[in-house]
Amino acid sequence: MDGQRIDKVVVRDRRLRWPVPKNLEGQVNGALIRHVDRRGKYLLIDCGAGWLILHLGMSGRLRVVPKTTPPSKHDHFDIILSSGMLVRFTDPRRFGALLWTTQHPSLHPLMRHLAPEPLEAAFDADWLHKRIRGRSMAIKLALMNNEIVTGVGNIYANEALFRARINPRTKAGRLSMERCGTLVAAIKETLQCAIEAGGSSLRDFFGTDGQPGYFQQQYMVYAREGKPCRICGTPVRSIRLGQRSTFYCTGCQH
DNA sequence: ATGCGGACCTGTTAGC
DNA sequence: TGCTAACAGGTCCGCA
């Protein structure tokens, strides 16, 4: 999309996580895309006069298709490019978002308090230790809190805790600086491995080339309830934390 | 200030 | 086979 012009944006259903702003098309139509970026799980399209903010939620997908492709049921908006292609957003659950902002995205209320990017140096043991100091919440819930760790959802929170050998119910504030270091390294390694494998395709996710990811074949605990731990053979246990499925090995994680 | 549960949606699957 | 309930990759908000 970099360097292309947006002929127009067509919104067919404004009822996403937040209503798509009524004036968005007017702001965006005819804009030149300067750059496409990302912060946490928010996708940012720099249009010069402002930014489009996109989020895929849980079931959202973006695909590049020819302009003539007829939309189907859950195709809620199109970004029509001057090239003859369009970027189509599909999202059955409508947990995704399309917003417009004229302030710098880093100052936007949704991104203002996000933790540093997990693969950057600023996300380190020190940061994690400071953010969870004195907190009684389960460490897994801390990993799911994007003011503490950004870009990690349910799958990778489970996998990173296994890699760090930390029990997901451990009280966050009780982790030593050393264990914070182990956990930070585990988060970075988990994300890097997943990226290398092309991500995790359970149902909706496909890469920009249309190919599924393969990281789900490497899960150590996620969705492996009752199956033997790949390291020690103990059956993987499943519990619920914060209404999310949580998987761990009682043999390996303490 | 912290932490928990509820809310937003629809599609798929497990269980009866 | 058909119906129903539970659950799914996210994250904000309000209340205790």
Side-chain angles (χ1 to χ4, degrees), chain A residues 11-20 38-44 53-63 71-77 89-99 101 105 108-115 118 130-162 168-174 187 190-191 193-195 197-207 212-227 238-247:
Chain A
V11 182
R12 278 176 293 271
D13 194 340
R14 314 194 87 85
R15 300 172 303 164
L16 301 184
R17 179 133 202 315
W18 300 280
V20 177
R38 177 191 64 72
R39 179 74 174 96
K41 293 185 179 178
Y42 296 97
L43 304 174
L44 305 171
I53 303 172
L54 277 73
H55 197 292
L56 301 178
M58 288 173 101
S59 54
R61 278 170 85 167
L62 287 172
R63 304 200 66 197
S72 49
K73 191 171 178 192
H74 300 297
D75 295 344
H76 304 314
F77 67 82
F89 177 78
T90 308
D91 185 10
R93 286 178 83 179
R94 288 194 275 115
F95 282 2
L98 175 65
L99 297 171
T101 184
H108 190 277
L110 288 170
M111 279 162 274
R112 191 143 202 175
H113 300 292
L114 289 184
K130 278 206 180 79
R131 291 312 320 252
I132 62 182
R133 186 173 50 195
R135 303 266 204 130
S136 61
M137 72 199 319
I139 185 62
K140 190 197 172 223
L141 293 180
L143 296 196
M144 305 278 292
N145 179 331
N146 64 24
E147 297 184 15
I148 301 174
V149 181
T150 294
V152 171
N154 197 36
I155 292 175
Y156 300 134
N158 280 297
E159 293 296 309
L161 284 166
F162 177 83
R169 331 170 79 124
T170 303
K171 302 231 179 277
R174 310 202 63 124
I187 290 167
T190 300
L191 292 176
C193 288
I195 290 166
S200 299
S201 293
L202 300 184
R203 173 162 304 129
D204 302 297
F205 175 77
F206 293 87
Y214 289 94
F215 189 72
Q216 68 278 9
Q217 294 172 10
Q218 296 176 48
Y219 290 161
M220 298 300 281
V221 287
Y222 182 80
R224 297 194 73 244
E225 180 179 11
K227 293 186 180 154
S238 168
I239 58 172
R240 279 185 93 74
L241 280 180
Q243 292 129 260
R244 307 306 298 276
S245 290
T246 301
F247 304 90

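No hydrogens, no waters, no symmetry mates; every other heavy atom, side chains included, goes into these values. Letters A, B, ... mirror the listed sequences (proteins, then strands); counts begin at 1.
Residues M144(A) and R244(A) have side chains in contact (heavy-atom distance under 4.5 Å, counting atoms from C-beta outward). Counting heavy atoms from C-beta outward, Y222(A) and N154(A) have side chains that approach closer than 4.5 Å. Using a 4.5 Å heavy-atom cutoff, the side chains of T190(A) and F162(A) are not in contact. In this structure, F89(A) and L56(A) have side chains that are in contact, with non-hydrogen atoms separated by less than 4.5 Å. Inter-residue side-chain proximity for R12(A) and P71(A) is flagged as met; some heavy-atom pair is nearer than 4.5 Å.
Heavy-atom nearest nucleotides on DNA chain B were determined for R17(A) and for G134(A), and the one closer to the 5' end corresponds to G134(A). With DNA chain B read from its 5' end, the first of the two nearest nucleotides for R133(A) and G242(A) is the one closest to R133(A). Sequence order on DNA chain C of the closest nucleotides to R93(A) and H55(A) puts R93(A) first from the 5' end.
With its ring centre under 5.5 Å from that of the base six-membered ring and a plane angle below 30°, F95(A) counts as stacked on dG10(C).
Atoms CE (M144(A)) and P (dC4(B)) sit 13 Å apart, rounded to a whole Å. What separates CZ of F89(A) from C1' of dC9(B) is a distance of 12 Å, to the nearest Å. Separating the CD1 atom of I155(A) from the C1' atom of dC7(C) is a distance of 14 Å, rounded to the nearest angstrom. The CE-P distance, from M111(A) to dT11(C), rounds to 11 Å in whole Å. Spacing between atom CG of N158(A) and atom P of dG9(C) amounts to 9 Å, rounded to whole angstrom units. Going from atom CG of L16(A) over to atom C1' of dT10(B) covers 13 Å, rounded to whole Å. Atoms CD1 (I148(A)) and C1' (dT2(B)) sit 11 Å apart, rounded to a whole Å. L141(A) places its CG atom 14 Å from the C1' atom of dG10(C), with the value rounded to the nearest Å.
Across all strands shown, Y156(A) has no heavy atoms under 4.0 Å from either base or sugar-phosphate atoms. Across all strands shown, M58(A) has heavy atoms under 4.0 Å from base atoms, whether or not it also approaches the sugar-phosphate. Within 4.0 Å of R61(A), counting heavy atoms only, lies no atom of the nucleic acid at all. Y222(A) comes within 4.0 angstrom of the backbone, heavy atoms only, and of no base. Across all strands, L56(A) comes closer than 4.0 Å to no nucleic acid atom at all (heavy-atom distances).
In this structure, dC9(B) makes no Watson-Crick or G-U wobble pair, since no nucleotide meets both defining distances under 3.5 angstrom. Pairing of dG9(C), defined by two Watson-Crick or G-U wobble distances under 3.5 Å, is not identified with any nucleotide.
A distance-only check finds a donor-acceptor pair linking the side chain of S59(A) to the backbone of R93(A) [under 3.5 Å].
With P as the reference atom, dC3(C) and dC9(B) are 26 Å apart, rounded to whole Å. If you take atom P in dG9(C) and the same atom in dG3(B), they sit 23 Å apart, rounded to whole Å.
Between R244(A) and the phosphate of dG9(C), there is a side-chain N or O to OP1/OP2 separation shorter than 4.0 Å. Applying the 4.0 Å criterion to OP1 and OP2 of dC12(C), one finds that Y42(A) has a side-chain N or O inside that range. For the OP1/OP2 pair of dG3(B) and a distance below 4.0 Å, the side-chain nitrogens and oxygens of S136(A) include at least one atom meeting the criterion. H74(A) has a side-chain polar atom (N or O) that falls below the 4.0 Å cut-off from OP1 or OP2 of dG11(B). An OP1 or OP2 oxygen of dG11(B) is reached within less than 4.0 angstrom by a side-chain nitrogen or oxygen of K73(A).
Proximity note for K41(A) (side chain, C-beta onward) versus dA7(B), dG9(C), dT10(B): the nearest is dG9(C). Here the nucleotide nearest the side chain of L202(A), chosen from dA7(B), dG9(C), dG6(B), is dG9(C). The R94(A) side chain lies nearest to dT10(B) when the options are dA8(C), dC12(C), dT10(B).
Side-chain to base pairing of R135(A) with dT2(B): no donor and acceptor N or O lie closer than 3.5 Å to each other.
Residue-environment remark: CZ (R169(A)) stays at or below the threshold of 12 foreign heavy atoms within 6.0 Å.
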